[in-house]
**Student:** 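Can you read through this structure? Questions will come right after.
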Amino acid sequence: MTMISVIVPCYNEEQAIPIFYREIIKTASEMPNVSFEFIFVNDGSKDETENVIRALAENDDRVKYISFSRNFGKEGAMYAGMQHSSGDFIVIMDVDLQDPPALIPRMYDDIKSGNYDCIATRRVNRSGEAPIRSAFARAFYKLINHISQTEIVDGARDFRMMSRRMADSILSMCEYNRFSKGIFSWVGFNTKWIGYENINRSAGETKWSFWKLFKYSIDGIVGFSTVPLALSSLMGIILFFVSIVGIIFIIVRQLLYGGSAFGWPSMICVILLVGGLQLLSIGILGQYLSKTYLETKRRPLYIIKDTNIRKDDK
Ligand code: UDP
Ligand code: MG
């Protein structure tokens, strides 16, 4: 029998999990020809999430859990879930029902045909989101698609169904600074997109502060584009030529008209400008360097504290 692994990252989701579970087993019961496993990844929650999942696992042996030793982030949770999954198809979804389980049968019908390795979803609107947040998100997608060769689809969600071979290729990308939206598209394969309206959270609140999202967007840019590095060299080259022209101008003026140094104020402005650009360039360099530094340490993406998945289950 075909098996679908549903991977659900959870961080402080004690309220949302029971609601999600009710919905997902309803969907599962509508698909009698498919078996399911539900892998809940407890990403170091500080509330009762772990116990809530354990209780589910006691009554339903399709429920698997992986508990992290601390909060490692959604990226690590998705990776761990995929690594411990054994299904023929893998679904990743949020626990807050912003990713409707009702789409799973439709995704399965599409992927079963064999024409696609991935059925992915995207939000067609951002209703219910703060306007300033939407504006920044849009600017980010515009920027990254300009400077990266990997296409990052605006509004793409992590909610998707993948074939085993696509999941394995994603697992083979074991980089530490993960940006899944880029990784999904980098590995290639045929992807079908399903659009749906934004849905508000069922319970609890979003785990993504503006600052967290900002850092995540830097991960995306640094991970999938080296254009900022080239940009700072380009800036350096342009300024170099401008200063050569300036020096020639000053020498010629001195020879023709005499009179020594004037224009201190303009000098200070130029020093500030060049100094600022230098710091900016070093900053950009630093971003790449710090990511490289973390990659070379080869730290694990997550540490498991407890799980009910046995190694030989896989
Ligand atoms: N999540 C996680 N670790 C984190 C942050 C979030 O596992 O550090 C999970 C969270 O429990 C949820 C999913 O990732 O299932 C998406 O988070 P959220 O709904 O807060 O994000 P939003 O939908 O607001 O972008
Ligand atoms: Mg959400």
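Indexing begins at 1, ligand by ligand and atom by atom, following the structure's order. The model shown is predicted, which means the values in this text are computed figures rather than measured ones.
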**Student:** May I ask which of Y11, W208, Y216 has a heavy atom nearer to atom 21 (O) of ligand 1 than the others do?
**Tutor:** W208
**Student:** Looking at residues at least two apart in the chain, or sitting in another chain, which of them share a salt bridge (charged side-chain N to carboxylate O under 4.0 Å, His left out) with D43?
**Tutor:** none
**Student:** Counting heavy atoms only, which part of K74 comes closer than 4.0 Å to ligand 1: side chain, backbone, both or neither?
**Tutor:** both
**Student:** Check this for me: does any side-chain nitrogen of one of D110 and K192 sit under 4.0 Å from a carboxylate oxygen of the other?
**Tutor:** yes
**Student:** For D96, which part has a heavy atom under 4.0 Å from ligand 1: side chain, backbone, both, or neither?
**Tutor:** side chain
**Student:** Quick one: does ligand 1 sit under 4.0 Å from the side chain of N12, the backbone, both or neither, non-hydrogen atoms only?
**Tutor:**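 Neither part.
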**Student:** Below 4.0 Å, non-hydrogen atoms only: which portion of V95 touches ligand 1? Side chain, backbone, both or neither.
**Tutor:**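 It is both parts that get close, each with some atom under 4.0 Å.
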**Student:** Just heavy atoms, cut-off under 4.0 Å: does K212 contact ligand 1 by side chain, backbone, both, or neither?
**Tutor:**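 The answer is the side chain of K212.
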**Student:** F72: what forms a ring-ring contact (aromatic ring centres under 6.0 Å, His included) with it, not counting sequence neighbours?
**Tutor:**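 Result, ring-ring contact (aromatic ring centres under 6.0 Å, His included) vs F72: F68.
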**Student:** Give the atom numbers and elements of ligand 1 that come within less than 4.0 Å of a heavy atom of D43.
**Tutor:** 2 (C), 3 (N), 4 (C), 7 (O), 8 (O)
**Student:** Is it the side chain, the backbone, both or neither of P9 that has a heavy atom closer than 4.0 Å to ligand 1?
**Tutor:**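 P9 to ligand 1: contacts from backbone and side chain alike.
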**Student:** What protein N/O/S atoms sit under 2.8 Å from the Mg ion (ligand 2), by chain and number?
**Tutor:** D96 OD2, Q98 OE1
**Student:** In chain order, what residues pass the side-chain contact (heavy atoms from CB on, under 4.5 Å) check against S113, with sequence neighbours excluded?
**Tutor:**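 side-chain contact (heavy atoms from CB on, under 4.5 Å) list for S113, sorted by chain: N115.
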